[in-house]
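Here is the structure we will look at, set down as structure tokens.
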Amino acid sequence: DVQLQASGGGLVQAGGSLRLSCAASGFAFDDYTTGWFRQAPGKEREGVSFINISRGRTYYLDTVEGRFTISSDNAKNTVYLQMSSLKPEDTAVYYCAIRGPQSPAYGYWGQGTQVTVSS
């Protein structure tokens, strides 16, 4: 089975940091593009950061550029999202998801992890 497990969320004050982890089972991340998404109450889901390991490419939402860093550890089959200088606007449930080569949709999703940033 293909499974994703997101973890690392929590409650932090503005300006703090968290590292989210997305652990995979049943597949290898280097065969897919991995995305971190978030959804806050009353708002649409948005893509935060993406990594294609085999192509060595990353992407960041402009509002997190310079504050968030996406990375991978192939030995642990885990993708990370290091979040620094957190703002209350970053409060959301964060999800990781994957899509295969040439697929336009993210077909596999983790359960999500809550990030709450207090003022």
Side-chain angles (χ1 to χ4, degrees):
D1 291 346
V2 174
Q3 293 188 348
L4 298 171
Q5 183 173 345
S7 62
L11 174 63
V12 298
Q13 295 187 39
S17 299
L18 287 171
R19 188 178 73 164
L20 306 184
S21 299
C22 180
S25 63
F27 70 98
F29 276 118
D30 59 358
D31 295 327
Y32 299 88
T33 297
T34 303
W36 283 100
F37 298 80
R38 67 187 182 187
Q39 187 164 24
K43 296 184 178 180
E44 297 293 328
R45 184 182 64 197
E46 62 182 352
V48 177
S49 185
F50 303 86
I51 185 168
N52 186 298
I53 296 169
S54 63
R55 296 181 179 180
R57 296 178 179 177
T58 58
Y59 165 85
Y60 297 94
L61 183 67
D62 57 2
T63 55
V64 309
E65 181 76 53
R67 299 189 296 117
F68 291 9
T69 302
I70 192 168
S71 63
S72 65
D73 185 334
N74 288 345
K76 297 180 179 180
N77 206 25
T78 300
V79 169
Y80 303 97
L81 185 67
Q82 177 67 48
M83 306 185 295
S84 300
S85 301
L86 284 163
K87 304 175 181 179
E89 305 94 272
D90 297 317
T91 295
V93 177
Y94 284 70
Y95 302 87
C96 63
I98 59 169
R99 65 175 177 88
Q102 302 181 31
S103 176
Y106 284 80
Y108 297 93
W109 293 77
Q111 84 286 0
T113 185
Q114 176 71 48
V115 172
T116 303
V117 184
S118 62
S119 300

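All residue numbers in this chain count up from 1 along the given sequence.
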Review point. So how far is it from C96 SG to I70 CD1, rounded to the nearest 0.5 Å?
Key: 9.5 Å
Practice item. Measure the shortest side-chain to side-chain distance between N77 and F29 over non-hydrogen atoms and say whether it is less than 4.5 angstrom. Key: yes
Check your understanding: Linking I/L/V/M/F/W/Y whenever their side-chain heavy atoms sit closer than 4.5 Å, directly or via other members, would L11 and V93 fall into one cluster?
Key -> no
Point to revise | Nearest-0.5 Å distance that lies between atom CG in L20 and atom CD in Q82 | key: 8.5 Å
Check your understanding: Should Y80 and L4 be counted in the same cluster of Ile, Leu, Val, Met, Phe, Trp and Tyr side chains packed under 4.5 Å apart?
Key -> no
Review point. So, does S85 use its side chain to make a donor-acceptor pair with the main chain of G15 at under 3.5 Å?
Key: no
Check your understanding: Do you know the tightest heavy-atom contact between G8 and L18?
Key -> O-CD2, 3.8 Å
Point to revise | Shortest non-hydrogen contact from A40 toward A92 | key: N-CB, 3.8 Å
Check your understanding: Do the non-hydrogen side-chain atoms of T91 and Q114 ever get within less than 4.5 Å of each other?
Key -> yes
Review point. Shortest non-hydrogen contact from G35 to F50?
Key: CA-CD2, 3.4 Å
Point to revise | Polar side-chain atom of S103 near backbone of A105 as donor-acceptor pair, under 3.5 Å | key: yes
Practice item. Quick one: do I98 and V79 satisfy side chain to side chain contact (heavy atoms under 4.5 Å, CB included)? Show the steps, please. Key: CA-CA 11 Å; I98 59 169; V79 169; over 6 Å; no
Check your understanding: Rounded to the nearest 0.5 Å, what separation is found between the OG atom of S84 and the CZ atom of R19?
Key -> 11.5 Å
Review point. Do R99 and P104 touch side chain to side chain, with heavy atoms closer than 4.5 Å?
Key: no
Check your understanding: What's the shortest heavy-atom distance between V64 and Y60, and which atoms?
Key -> CG2-CB, 4.2 Å
Review point. Minimum heavy-atom separation for T78 to S21, with atom names?
Key: CG2-CB, 4.1 Å
Practice item. Write out all pairs satisfying side chain to side chain donor-acceptor pair (under 3.5 Å) with one or both partners inside residues 24-44, taking only residues at least two apart or from two chains. Key: T33-N52, R38-E46, R38-D90, R38-Y94
Check your understanding: How about Q5 and S7: does a side-chain donor come under 3.5 Å of a side-chain acceptor?
Key -> no
Point to revise | OG1-NZ distance between T63 and K87, expressed to the nearest 0.5 angstrom | key: 7.5 Å
Practice item. Identify the two heavy atoms, one from Y95 and one from Q111, that lie closest to each other, and give their separation to 0.1 Å. Key: CE2-O, 3.5 Å
Check your understanding: Do Y106 and Y108 have ring centres separated by under 6.0 Å?
Key -> no
Exercise for review: State, with a plain yes or no, whether a side-chain heavy atom of F68 is found less than 4.5 Å away from one of L86.
Suggested key: yes
